[in-house]
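The next block holds one structure in the form of structure tokens; read it before the comments.
What you see is a predicted model, and the numbers here were worked out from it, not measured in a lab.
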Amino acid sequence: MAPLFVFPQKLQALEKDDEEEYQGNRLFVQNAIDIARFRPPELEEFVKGVSFDLSDKELYCIEEQDVFDRVYSLVRGFSSLAPSCKFILAESLRSNLSVLLPNVDSLVRVSQVQDDDETPTLDRVTSYRNAFKIYSFFLLHIILTEESNTGSSNNAKVIASSRKKQPVNSWNWESQRGRMLNLIANSLEINLSLLFGSPDPDENYLSFIVKNTFSMFEKATLLKDSETKDALCHIIGACATKYHYTEQSSASIMHLLHKYDFVVTHMADAVAFAEKKYADGTLACSLIREIGRTNPKSYVKDTAGAENIGRFLVELADRLPKLVSTNIGLLIPHFGGESYKIRNALVGVLGKLVAKAFKDVEGEVSAKSIRLQTKQAMLEILLERCRDVSAYTRSRVLQVWAELCEEHSVSIGLWNEVASVAAGRLEDKSAIVRKSALNLLIMMLQHNPFGPQLRIASFQATLEQYKKKLNELEPVKLTEGMTDGVPSDNDSINGEGEVDNGNAEEVTNYQPESLTDSLAHTEQEIASQDSSVPDVGNVEQTRALVASLEAGLKFSECIAATMPTLLQLMASSSATDVENTILLLMRCRQFQIDGAEACLRKMLPLVFSQDKSIYEAVENAFVTIYIRKSPVETAKNLLNLAIDSNVGDQAALEFIVGALVSKGDISSIAISALWDFFCFNVNGTTAEQCRGALAIICMAAKSSSAILGSHLQDIIDIGFGRWAKVDPLLARTACIAIQRLSNEDKKKLVLSNGSRIFGILESLITGFGLPDNIWYAAADKAIDALYILHPTPETLAADLVKKSLSSVFDGTRGDALQNDIASGNSIVLSTIQVVKLSRYLFVASHVAMNQLAYIESCVRKIQKQKGNKGKVDSEGTENAETQKDNGINAELGLVASEDAVLDTLAERAEKEIVSGSYSEKNLIGECALFLSKLCRNFVLMQKYPILQASAMLALCRFMIIDAKFCDENLQLLFTVVENAPSEIVRSNCTIALGDLAVRFPNLLEPWTENMYARLKDPSVSVRKNAVLVLSHLILNDMMKVKGYINEMAVRVEDKDERISNLAKLFFHELSKKGSNPIYNLLPDILGKLSTQDLQKVSFCNIMQFLIGSIKKDKQMESLVEKLCNRFSGVTDVLQWENISYCLSQLSFTEKGVKKLIESFKTYEHALSEDSVMDHFRNIINKGKKFAKPELKVCIEEFEEKLNKFHMEKKEQEVTARNAEIHRQKVGNMEGFVMAGNNGEESAESDIAEGVSDSEVINTPVEAQTESSNDESTSKLVEPEESSGACSEVTEQEEETEIQSRRDNKKGASRSRVKKSNMKDVKVTLSATTQRVTRLRKKVEE
């Protein structure tokens, strides 16, 4: 009988050691051959000889000593073999094992039948077993050897070479490895229990295979080969499940999962293969048990392992949902763990289980009920996890709900609950949660089971009709329970489609593939609803439909209610918030959610965002919504948008239209369609649409001014024709179009229709054809157009001013009226006079502003011409003499003097607009003087608020033009801005102050405090404009941050949310400038706010916000010292509390804590207050969290010191208070004594004056003396006793006892005092009687 082969731990263990005696009959290498000494031809012959013996002899010839030794020698030196030799040896071993496997079963069956001669058969079985183990061992060792060599070489080259077509007999390791491992995996499928004679194979054999299989799983490149990976998974599944090697396999899998992230999916494949191949989930259950009983705290430390374990659980739930669902109870406790990654994974597991584990409907009713209950419990956990403490988990839960909605795994009964949770998460503090909530709502809209349109009114109408029909079908009214009934998961609701189109089709099939595709044909899919209600069947079906309609209505209302929140998210600082909000609003618009269209209009200002992704999102949304394939539809969408937009939206619309015209997204055909609307070539066009079309064309002309040149005559005829009377704003839009003309078109227009167009503009300005509310806007643009078109606009402008003036003050009465107004007399103006005067002031002031702009444009034009001339001269066109003259001029400074002359002329021209020369009368200057007097007539101004608004606007314009006029009227302006009853006037003046501060900063600098005072105006609009103006001035370095910045800080807590947000934005932007000015301003703001009448909550919120904008540790440390120093010299308890609160809000570093401890002397006097101590305790608690052991000891000592001083200060306060009481009582006693003495002296003086009745004298003296002595003495004794008692008081609990002792002492002292007082009184009475007797005798004599 051949020796037995025992699996060694390593290859060299097969070599027999002569020094040791081996027990038993085991197969060892007797004669190992060193193949390194062979030459290549000899080695090849040697390999071929071994291969021949293996193929020629019996399959179990490998156990023959000679063959075994030679094969061992080749396997030991396998890495040094030539590729051809490797192929021959490996193929021989592999083919022999592949032939051996089917023979094992037949041999075992033969051994069971032949009972007569058992010995030869038994020997043969042993030989087969030896051969099986030897072949397996050598093949595995070859695989390990070759993999170690491959891993050390360049993997990329190996993979690249393996893809080439190889000869049949060449060495291609990629394919050979897969074949060998597949063979070993298949070897585990034969009946090894019969071959090994026991239920389980040899322990050494299994451990060797399993150990080396798991070691191969550690190589990521090896697992990329699908054949190799499948073979390894097969081996693990067979060993763990078929041969009960579960515990060891589980331990190895857990080790790999914790160590390598790339094995997660492959291990899940292996476990799933084991369950499906052998219908045995032992390995999966073992792993789940192992994960479930792991301490949750261990996952907090091992974050990488926690993530891998989590991914493995999700992958396992995806592959084996039913098995995981039966064992999910083992994992649920980990929801209480601290590792959010494990909670994320469990959420994902529940999502997979809900989607896949409960789909079958077979089985008993009880089993089905249990499955539904389990599913419901999982859904409730998912809803509960939406409130997880970790933002990552909340985000993951919402993602899981989105996946479930996409897979239609959420029932209608749960739909609205999920929608409500998602809507609530839109206000989450974490951006990733908000993003997931937005995506969930998008998914819910896309896969909603209620229909392609979700208008609330439509649902309500349809629901009302079906409720009536249900009442007709039911003989008895519906019970309360039925009205709220909603179909369950497996109930099919027939006729859901009737929600909108009245057919029996299920609308759950309506799932648009993409947003862009579905948006294009939404309008066509929505059919108009019939007034008649179709019959859907019996009562139960109608009831189900009513329940579905109610759920749909609730869902629609839930989405519509999120519109205010979505508006806020569009203003978010997070780009992802804005992008996903826009996507959700587009989806809402597709399903016709109420308010979605209006919200989408609000996105237009976002085109000015500096974030490129936000701009692209807005642009893409704009193109998707408004730009259609049909040019007419595109034109109609754009003009309707222009009609309904406000001033801010029109600026954004102009920007985006210009960009789209430049890119070609708005084609020339769409522009032609807009011209058709403007020219009324489209049937049914209204004057409003005509105006909208021209407005869009003007916006497009900003990018391409040639657009307007083809329809100049149409602009004049239609823009200023009869249609302008139908829509007065059309004339204003036409004026804008004239301004946007190209230079060539402007010249052409002046040459062809100059007189006509100027006449039209003049009549528009001076005439009364337009209503008041539109005339100002139209006249504004008309004057601008006049200055752009006319070659000498000042002459025409002067005529306009004169005509406007004559319309107000015409004839002899006009001069008197003008004098009365200017002199401040109380007069009565008619409505027409007020309107004319207001218009005159507007025309004069706007002409003056345009004249200023015209002078500046002329200067720029002259400078440009000089620059062009210099450029031509520098190119060498001038002769030598000219160059010489220019050189001389440059040396003499004549070139610079030309620029100075130009500047002087420009400055003089600007001054002449308002001030003019003293010798000549100035048209605008006369108006300015009159206007100044008019604005000072406060009685008239208060009587006519419209006139005051126009007059102050004109005054501000004149002040902006001329510095002298500005200086003369600044006092008037600030008087009006503070006292004017009209908030419109105050708002306009506030805005004008900003412009004046930019133009004349030195003049406005002394009035800085008055400008800040506008922040306290009672009007919301005035405060808002004040915040905007001051923000603009300060952030653009046009105004220094003065000591009044605290007023801006107060606006952070303004009652109006808009103002509060603007103030916060100001400080946020201010913190970005330089080294953060807020750091320097904070102590001053603190001091000012402490003296203001602010609520405690408001103060805390303001300071918390400001301190939060300071991020640098160095500044925080310096603030600690600054704030501590503010305690010095402060005796106000409120300021102590405020300073200590600010200290508690700082982010303390190690240096900051040390500075706080070092500054103890500055604030020790404030530690007596409990509130101050509370803030210091918060600081200490903060410091303990980050402190190192050494610093922690210092903090604890500091804490003890604080507590000790706090108690001492409290005791000192009590003592001082008692001493003050004592002092007051002593003062009272002295007062009584003095009163007694004075009484005695007065009595004696009365007697000396001759009072005769001694009885009358004695009685009051006795009473007064007794009472004074009694009271004064008792007062004297009581404080001594009480002060002695109070000095012993140390705690609150002792006060009552001491008080009772004090009362007893008081009683005793009073009794002693009374006795002594009686003696004193007797002595005093006897002395007094003697004096009275002597006085009587003197009187008788």
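Residues meeting the ring pair (Phe, Tyr, Trp, His ring centres under 6.0 Å) test with Tyr72, sequence neighbours left out: none. Listed by chain and residue number, nothing satisfies the ring pair (Phe, Tyr, Trp, His ring centres under 6.0 Å) test with His266 (two or more places apart in sequence, or in another chain).
In summary, the side chains of Glu227 and Asn182 do present a donor paired with an acceptor at a separation below 3.5 Å, with no hydrogens or angles considered. Side-chain atoms of Ser390 and Asp388 form no donor-acceptor pair, as typed in the model, at a separation below 3.5 Å. The closest side-chain donor-acceptor pair between Asp302 and His258 falls under 3.5 angstrom. Side-chain N/O atoms of Thr393 and Asn344 include a donor and acceptor closer than 3.5 Å.
Aromatic pair Tyr245/Tyr243: centroids not less than 6.0 angstrom apart. Ring centroids of Phe217 and Tyr260 are separated by 6.0 Å or more, keeping the two rings apart. A centroid separation of less than 6.0 Å is found between the aromatic rings of Tyr299 and His334.
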From CA spacing to verdict: side chain to side chain contact (heavy atoms under 4.5 Å, CB included), Glu307, Ile342: CA-CA 7 Å; Glu307 186 172 359; Ile342 291 295; over 6 Å; no

Check against side chain to side chain contact (heavy atoms under 4.5 Å, CB included), Ile253 and Phe214: CA-CA 8 Å; Ile253 290 173; Phe214 279 115; 3.6 Å; yes

Go through the steps to decide whether Ile291 and Met254 satisfy the test side chain to side chain contact (heavy atoms under 4.5 Å, CB included), and finish with yes or no. CA-CA 8 Å; Ile291 295 170; Met254 291 295 292; 3.8 Å; yes

Could you walk me through whether Arg311 and Glu315 pass the salt bridge (charged side-chain N to carboxylate O under 4.0 Å, His left out) check? CA-CA 6 Å; Arg311 286 174 50 213; Glu315 295 288 341; 6.0 Å; no

Test side chain to side chain contact (heavy atoms under 4.5 Å, CB included) on Leu383 and Glu380; report intermediate values, then the result. CA-CA 5 Å; Leu383 283 173; Glu380 288 175 0; 5.5 Å; no

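In terms of heavy-atom proximity, His234 sits nearest to Tyr278 at NE2-OH, 3.9 Å. The shortest non-hydrogen separation linking Cys405 to His447 is O-CB, 3.7 Å. The shortest heavy-atom contact between Asp318 and Pro321 is O-CD, 4.0 Å. Counting all heavy atoms, side chain and backbone alike, Val400 lies closest to Gly348 at CG2-CA, 4.0 Å. The nearest pair of heavy atoms linking Leu283 to Thr246 is CA-CG2, 4.1 Å. Residue Leu257 comes nearest to Val264 through the heavy atom pair CD2-CA, 4.0 Å, listed as atom of the first residue, atom of the second, then distance.
At least one donor-acceptor pair closer than 3.5 Å links the side chain of Arg343 to the backbone N or O of Gly337. Panel note: side chain Lys133, backbone Phe5; a donor-acceptor pair is recorded below 3.5 Å. Side-chain atoms of Ser252 come within 3.5 Å of backbone atoms of Gln248 as a donor-acceptor pair (strictly under, hydrogens ignored). Between the side chain of Arg394 and the main chain of Arg385, no donor-acceptor pair closer than 3.5 Å is present. Formation of a donor-acceptor pair under 3.5 Å by the Ser148 side chain with backbone atoms of Thr145 is found in this model. Lys242 places a side-chain N or O within 3.5 Å of a backbone atom of Leu188 that can act as its donor or acceptor partner.
In this structure, Glu384 does not pair ionically with Arg387, as no charged nitrogen and carboxylate oxygen lie closer than 4.0 Å. Classification of Arg179 and Glu91 as a salt-bridged pair holds, one side-chain N sitting under 4.0 Å from a carboxylate O. Ion pair Glu146/Lys86 flagged as a salt bridge, since at least one NZ, NE, NH1 or NH2 atom sits closer than 4.0 Å to an Asp/Glu carboxylate oxygen. The existence of a salt bridge linking Arg396 and Glu403 is confirmed by a sub-4.0 Å separation between a basic side-chain nitrogen and an acidic carboxylate oxygen. With respect to the salt-bridge test (charged N to carboxylate O, under 4.0 angstrom), the residues Arg177 and Glu147 qualify.
Side-chain contact between Val347 and Trp401: absent, with no pair of heavy atoms (C-beta onward) separated by less than 4.5 Å. When side chains are defined from C-beta on, Ser436 does not count as touching Ile432, because their heavy atoms never get closer than 4.5 Å. Contact of the Asn308 side chain with the Leu256 side chain is not registered, since no non-hydrogen atoms from C-beta on lie closer than 4.5 Å.
Under the side chain to side chain contact (heavy atoms under 4.5 Å, CB included) test applied with Leu323, the options Val271, Ile288, Leu316 reduce to a single match, Ile288.
Below 30°, between 30° and 60°, or above 60°: for Phe555 and Phe450 the angle between ring planes is between 30° and 60°, a tilted geometry.
Within a 6.0 Å sphere centred on NZ of Lys435, heavy atoms belonging to other residues, nucleotides or ligands number 12 at most. Glu247 CD: 12 or fewer foreign heavy atoms inside a 6.0 Å radius.
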